[in-house]
Amino acid sequence: MKNLPWPSLLLLSCMACLPGVDARAAEFSASAFGTLGGAISDRGPSYQRSIDDHGTLMRDSLLGAQIDAKFNDRWAATAQMVLAPATDEDDVLEPRPKWTLLSYRPTNDWLIRAGRLSLGGLLNQQNMDVGVSYDMARLPNEVYLLSSAYDFDGLSIAKTWNTAAHEITLDASFGAQHRDYRGYLNASGRPDYFGADLTGCGLVLTVTDYAQAMYRAGWNLNEIDPHAARGIPETYAFIPLGGGLYTLGQPEYRATITINSLFLGARIPWSEFLISCEATALLIDDIDPAPTTVGAYINIARKLGNWTPYLTHARIWTNGMETWRRVKGATPVPGLVTQTSIDDLASSLAVYDQNSWMLGTAYAFTPKQKIKAEAMLTHVGERSAMVDGDLAHENVTVFSLSYNFAF
Amino acid sequence: MTTAGRSRKRSFFPLVLLLVATLFFMGDSSCSHAGVAVIGHAGLGPLDTTVTARIFTGRTVQVAGTAVQPVNLKAGNATRVAFLRAVLQQSDEDYIAYWIVRRAIGKGAPPPEVENIRDMIGFVRATPGAIGYVDDRAITPGMNVLLTLP
């Protein structure tokens, strides 16, 4: 039950005690949304956790339900549950709360929300589970890989300024969460999960033009406290063996790590096209297992009646490739370090060197129902931790088809 | 990159570019509509299109200190389509899509909907702060008209 948002449930329980709130007079409305999505690749090793040449429904499928309660013109509450792949084991679906929040809007310009919130600065951060709300079959993993790291139990305070042409919103937030991280041990052939407690805060600035254009910049500061007795490895030790050979020694550990996340995004109408582009940078303390990472994509789409074809290009880079090469190149020493442990350690490093082209289309039966189809070609460079297994300097082609709805 | 990887990539891209070019340069269509009046509960003052747009998109919840309650006709209604076009420069489909996102990000639910003009007038009369819209031919003496749209 670790995923239940106890602080927000407590807040909901306190609603009846708030002055001016009559829970019996609340207006309730319910909605549901979901995606039934299949994906298959031309490669055996799993890509993005579950896509392989046998095909899967686990990568994109999701079911959600939401209840909104409006107590009066100032107080409201929202609860959103999703049934989606578990965050701490493969091939398992589990229900979990996505949003559970109280909102207080004292004036038109201020919005205060408390509970479980999604606080990151990506363009589709808050609506990424609602597939019908965007046209891409799958948001580019090169940028959205760590988006769930910004779901917090906490507080968000937003101030809005309206000009004749634009709406400007500044959102400040802080909170805490439990999160599971997944790595894959290539030699052992199994995933490796570890849990961590995160505390974080952030600022997100959003400018919209009341139509389709949106510009967003954000910053998040997260401190990660892993559930591990020794903490998290900080620096790997390489012991010379002579003749240019070396092996792995005991790494240095640290209790917590700090990540600064920067976001920059824009969605801009251009003639008959809609261009979306985003970049994110994860600036991590100087530790070997999770080096600084930068991801970006650009998407161009055009609405043609019910069809919205699009083309996307995405890239992700890390500066940890040299560390990965050194770990990978270590020499096993009988009784001390095995080849399996070297390969497992190398594959667990969060290093990425890949780019993807996605060509797809959405077909909207109604604004509440869409079918999406996409062909994605990913070129894996020297190494990408999104692939479970050794795949280097090769392409992965993925075909995806999904039905998305919201009612 | 291996030889197999290069050849797969080469064969993919001409098809990609052909499909993109074909789909992107196909034509599109649009449409136009007629007059709508924005009506409000007794006591509400005149509005302009900017404030009306903010009310019906959930961005404004109070006008001059009074809580407002927008109400829509059912999706697909011709008067609703004309209202959205005049105030938001949006199609009905885009407006529904807007509220799907807004609801999904925890910023409220779309305005309640009524079946027809008669229900709209009744809701606005009976609900303090209510703001709706009717075909301008349905205006009768005594209605509080807040804004007339071309």
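The shown structure was predicted, so the numbers you read here are calculated from the model rather than taken from an experiment. Quick note on labels: first sequence line is chain A, next is B, and so on, each numbered from 1.
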Can a salt bridge be assigned to the pair [X] and [Y] using a cut-off of 4.0 Å between side-chain N and carboxylate O?
X         : Y         : answer
Lys74(B)  : Asp92(B)  : no
Glu394(A) : Arg43(A)  : yes
Glu167(A) : Arg54(B)  : no
Asp151(A) : Arg116(A) : no

Is it the backbone or the side chain of [X] that comes under 4.5 Å from a heavy atom of chain A, or both, or neither?
X         : result
Thr50(B)  : neither
Gln89(B)  : neither
Arg102(B) : side chain

Counting only heavy atoms closer than 4.5 Å, note whether [X] contacts chain B via side chain, backbone, both or neither.
X         : result
Ser271(A) : neither
Ala158(A) : neither
Val380(A) : neither
Ser103(A) : neither
Leu117(A) : neither

Q: Apply salt bridge (Lys or Arg N to Asp or Glu O under 4.0 Å) to Arg302(A) and Asp135(A), showing your working.
A: CA-CA 10 Å; Arg302(A) 183 179 178 187; Asp135(A) 291 312; over 6 Å; no
Q) Does Lys159(A) count as lying over the ring of Trp161(A), i.e. NZ or CZ under 6.0 Å from the six-ring centre, within 45 degrees of the axis? A) yes
Q) Can you tell me if Arg216(A) uses its side chain to pair, donor with acceptor, with the backbone of Leu122(A) under 3.5 Å? A) yes
Q. Tell me, do Tyr47(A) and Gln354(A) make a side-chain contact under 4.5 Å, heavy atoms counted?
A. yes
(Q) Let's test your reading of the structure: which of Val130(A), Asp109(A), Asn162(A) forms the most heavy-atom pairs below 4.5 Å with chain B? (A) Asn162(A)
**Q.** For chain B, the option from Gln80(A), Lys368(A), Gln66(A) that forms the most heavy-atom pairs under 4.5 Å
**A.** Gln66(A)
**Q.** Residue selection (most heavy-atom pairs with chain A, distance under 4.5 Å) from Lys107(B), Arg103(B), Gln69(B), Gln90(B)
**A.** Arg103(B)
Q) Quick one: of Ala97(B), Ala75(B), Gly106(B), who has the most non-hydrogen atom pairs under 4.5 Å with chain A? A) Gly106(B)
